[in-house]
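Just so you know, ligand 1 is whichever comes first in the structure, and atom 1 is the first atom listed for that ligand. Predicted model only: the values in this text are computed from it and were never measured.
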Amino acid sequence: MTTLLQSDVPGARLVRRGKVRDVYEAGGDRLVLVASDRLSAFDVVFPTPIPDKGRVLTQLSNFWFARLASIVPNHLVATDLAQFPPAFRGGNAPALEGRSVLVKRCERIDIECVARGYISGSAWTEYKALGSVAGETLPASLQESAKLDEPIFTPATKAESGHDENISRRRLAAVVGSELARDLEQMTLALYRAAHAYAQGRGLILADTKFEFGFHDGQLTLIDEALTPDSSRYWDAGKYKPGATPPSYDKQYVRDFLVRSGWNKEPPAPALPDDVVAGTQQRYLECYEQLVGKPL
Ligand SMILES: Nc1ncnc2c1ncn2[C@@H]1O[C@H](COP(=O)(O)OP(=O)(O)O)[C@@H](O)[C@H]1O
Ligand SMILES: [Mg+2]
């Protein structure tokens, strides 16, 4: 299988390169998203690709889109290159196979819709300092990684560059209108609950996750990716114990390495050593296999 740092599709117009995905026009109101093997951490993209990462992200998203379609419509049109425009077939196919999707081009809502069922990451940092998460007060004396009584919705603005910023639900309502704010919250929490229940049956805890939504023909639609290790914090249920950070399948492993390495988190990002690349690849593949029930 090809490892891909950056796609090149002669004959297709590149709309943008995201941190991970290359986005192409695909005629009419269609886009093709190609998930590369790029890894970003602390909002900086690394020069070293992680083999299999793009295929894991794409195929895990497709798995979840199918499972959750009854809760909210999603952008997926086709996953088989045979149904893509000609520029994406033929000679380009080997590099794109298994990592590309044909989707409905949506008018994106520039909000990261985050659901949290456990208190970790930036939420733990805020709680320790202020006793609140996304501006809302939580019960006192929660331990790190504790399960919350009910999952909470903590939206953030989707910054074009730089770091996303958490905003309160009230601020969200002011930005997108109270009706859409309510719909985004309901959908995000419904998706989280369904995915959390499924993952638990497969030995994983879905601690938190992030969704993006857009409009297609007036229809609120789930876009981008769904419930991948890039957008979610998954923990091994067997090793979960409140009071500490459980081993996870997300990028925490790389982040830990980077903190140890002393990198100042400013670009350019350093190359990743072989063992860190292999360890990261392993975690992505394991996460896929554990959730889907078969290897990629
Ligand atoms: N169906 C869609 N319609 C419009 N934009 C989309 C759709 N699906 C994904 N996108 C956008 O395409 C880009 C995908 O690239 P990605 O690497 O995930 O970006 P980012 O660096 O923002 O995480 C994102 O900007 C995402 O919001
Ligand atoms: Mg993204």
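- Annotation: cation-pi geometry not satisfied between Arg283 and Tyr249 (NZ/CZ under 6.0 angstrom from ring centroid, within 45° of ring axis).
- The neighbour count for Arg171 CZ, taken as heavy atoms of other residues, nucleotides or ligands under 6.0 Å away, does not exceed 12.
- A perpendicular orientation is assigned to the rings of Tyr118 and Trp235, their planes being inclined by more than 60° (bins at 30° and 60°).
- Ring geometry for Phe213 versus Phe211: interplanar angle of 30 to 60°, hence tilted.
- The residue from Gln6, Arg99, Lys53, Arg55 that alone fulfils the side chain to side chain donor-acceptor pair (under 3.5 Å) condition with Asp37 is Arg99.
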Contact table ligand 1 N or O to protein N or O, d under 3.5 Å:
{"from": "ligand 1", "atom 1": "1 (N)", "to": "His75", "atom 2": "ND1", "distance (Å)": "2.9"}
{"from": "ligand 1", "atom 1": "1 (N)", "to": "Lys104", "atom 2": "O", "distance (Å)": "2.8"}
{"from": "ligand 1", "atom 1": "3 (N)", "to": "Cys106", "atom 2": "N", "distance (Å)": "3.0"}
{"from": "ligand 1", "atom 1": "8 (N)", "to": "Asp224", "atom 2": "N", "distance (Å)": "3.1"}
{"from": "ligand 1", "atom 1": "17 (O)", "to": "Lys19", "atom 2": "N", "distance (Å)": "3.2"}
{"from": "ligand 1", "atom 1": "17 (O)", "to": "Val20", "atom 2": "N", "distance (Å)": "2.8"}
{"from": "ligand 1", "atom 1": "17 (O)", "to": "Arg21", "atom 2": "N", "distance (Å)": "2.7"}
{"from": "ligand 1", "atom 1": "18 (O)", "to": "Arg21", "atom 2": "NH1", "distance (Å)": "3.0"}
{"from": "ligand 1", "atom 1": "18 (O)", "to": "Asp224", "atom 2": "OD1", "distance (Å)": "3.3"}
{"from": "ligand 1", "atom 1": "21 (O)", "to": "Lys19", "atom 2": "N", "distance (Å)": "2.8"}
{"from": "ligand 1", "atom 1": "21 (O)", "to": "Lys19", "atom 2": "NZ", "distance (Å)": "3.4"}
{"from": "ligand 1", "atom 1": "22 (O)", "to": "Lys158", "atom 2": "NZ", "distance (Å)": "2.9"}
{"from": "ligand 1", "atom 1": "25 (O)", "to": "Arg16", "atom 2": "NH1", "distance (Å)": "2.2"}
{"from": "ligand 1", "atom 1": "25 (O)", "to": "Arg108", "atom 2": "NH1", "distance (Å)": "2.9"}
{"from": "ligand 1", "atom 1": "27 (O)", "to": "Arg108", "atom 2": "NH1", "distance (Å)": "2.8"}
{"from": "ligand 1", "atom 1": "27 (O)", "to": "Glu212", "atom 2": "OE1", "distance (Å)": "2.6"}

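- Using the six-membered ring where Trp is involved, Trp263 and Phe46 have ring planes that are perpendicular, over 60° apart on the 30 and 60° scheme.
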